[in-house]
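One structure below.
Every heavy atom of this structure was used, including side-chain atoms; hydrogens, water molecules and symmetry mates were not. All residue numbers refer to positions in the sequence shown, counting from 1.
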Amino acid sequence: MAWLHIRAPQGAVPSARSTCVCGRDRHAVGRDKVLALIEDHTAHRGTCALRNGERKKAG
């Protein structure tokens, strides 16, 4: 599983954290960095070996 947690309180700087069962844990602060992390998180969901069944194939 992969999680994306975004905090964007009104009038404050947004932040986000992307985590995955594979051990991935990334954090971003600021609008542009949060938007980049959202794109990166989406790409990771499609390429993560643990999320896409390669772990099952190997075991």
| Could you walk me through whether Arg24 and Cys48 pass the side chain to side chain contact (heavy atoms under 4.5 Å, CB included) check? | CA-CA 10 Å; Arg24 176 185 203 281; Cys48 177; over 6 Å; no
| task | Enter the distance from Cys20:SG to Arg45:CZ here, rounded to the nearest 0.5 Å. | result | 9.0 Å
| request: Rounded to the nearest 0.5 Å, what's the gap from CG on Leu37 to CG on Asp32? Could you check? | output: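 With rounding to 0.5 Å, CG (Leu37) is 12.5 Å from CG (Asp32).
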| Restricting to pairs with a member in residues 2-14, which pass salt bridge (charged side-chain N to carboxylate O under 4.0 Å, His left out), not counting sequence neighbours? |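 Salt bridge (charged side-chain N to carboxylate O under 4.0 Å, His left out) check on residues 2-14 returns no pairs.
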| field | Heavy-atom closest contact (Val34 atom, Pro14 atom, distance) | value | CG2-O, 3.8 Å
| field | Considering all heavy atoms, the nearest Leu4-Ser18 contact | value |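 So the two residues come closest at CD1-CB, 4.1 Å.
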| task | Go through the structure and list residues passing side chain to side chain contact (heavy atoms under 4.5 Å, CB included) with Val29, not counting sequence neighbours. | result | Val13, Ser15, His27
| Set of residues satisfying salt bridge (charged side-chain N to carboxylate O under 4.0 Å, His left out) with respect to Arg17, sequence neighbours excluded |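 By the salt bridge (charged side-chain N to carboxylate O under 4.0 Å, His left out) rule, Arg17 matches Asp25.
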| Results of salt bridge (charged side-chain N to carboxylate O under 4.0 Å, His left out) for Arg26 - residues two or more places apart only | Asp40
| request: Tell me, yes or no, whether the heavy-atom count around Arg31 atom CZ, taken from other residues, nucleotides or ligands under 6.0 Å, exceeds 12. | output: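 Open: at most 12 neighbouring heavy atoms sit under 6.0 Å from CZ of Arg31.
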